[in-house]
Amino acid sequence: FPSHDTRLRCWAVRRLLSVNDEETGEVVLTEKFYKKDFDKVMANPALKPYVDKVIEAAYTVNIGDKASEGESPTHDDGDD
């Protein structure tokens, strides 16, 4: 993708996926949906790449970063 700022904003049951062009600030797309309809958003070929980007960012922890409370550690030593 060109440089896009992709965000997923969450409230109690509502979600907003927004994608903006980082250079111009222009809104590329927005999609409002309910939490229970997330599977439909993931199945939409036009939205899935952006949702995948948000999910990947949420699960990525950079090597050398210390995990905060409630965050996954940078490695897993196995089942302790």
Side-chain angles (χ1 to χ4, degrees):
F1 299 106
S3 62
H4 287 146
D5 178 29
T6 305
R7 297 173 188 235
L8 181 64
R9 293 176 177 88
C10 304
W11 296 272
V13 293
R14 300 261 322 188
R15 305 292 184 257
L16 172 66
L17 175 67
S18 63
V19 180
N20 298 341
D21 183 297
E22 286 185 347
E23 292 180 19
T24 65
E26 177 185 0
V27 176
V28 176
L29 73 85
T30 60
E31 181 72 23
K32 294 179 184 178
F33 59 96
Y34 289 98
K35 180 180 175 180
K36 66 181 181 76
D37 296 327
F38 187 68
D39 58 334
K40 294 174 187 169
V41 173
M42 286 293 298
N44 182 329
L47 301 176
K48 189 173 183 332
Y50 298 108
V51 175
D52 286 346
K53 184 177 176 183
V54 171
I55 291 171
E56 182 180 325
Y59 282 109
T60 301
V61 176
N62 294 326
I63 294 175
D65 287 350
K66 292 184 178 180
S68 300
E69 183 178 340
E71 186 178 47
S72 297
T74 58
H75 66 280
D76 185 1
D77 293 329
D79 296 322
D80 292 331

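Small disclaimer: the values here were computed from a predicted structure and weren't measured.
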Distance col, row D21:CG vs H4:NE2, nearest 0.5 angstrom, shows 5.0 Å

Look up atom NZ in K48 and atom NZ in K53, then write down how far apart they are to the nearest 0.5 Å. 14.5 Å

Take V51 and T6, measure what side chain to side chain contact (heavy atoms under 4.5 Å, CB included) needs, and give me the verdict at the end. CA-CA 8 Å; V51 175; T6 305; over 6 Å; no

How would you list, by chain and number, every residue that makes a side-chain contact (heavy atoms from CB on, under 4.5 Å) with E56, sequence neighbours excluded? T60

Looking only at heavy atoms, the pair that brings R15 and L8 closest together is CB-CD1, 4.2 Å

S18: side-chain hydrogen bond (donor to acceptor under 3.5 Å, both in side chains) partners, not counting sequence neighbours: R9

In residues 28-46, what donor-acceptor pairs under 3.5 Å come from side-chain atoms, sequence neighbours left out?
residue	atom	partner	partner atom	Å
Y34	OH	R14	NH1	3.4
N44	OD1	A46	N	2.8

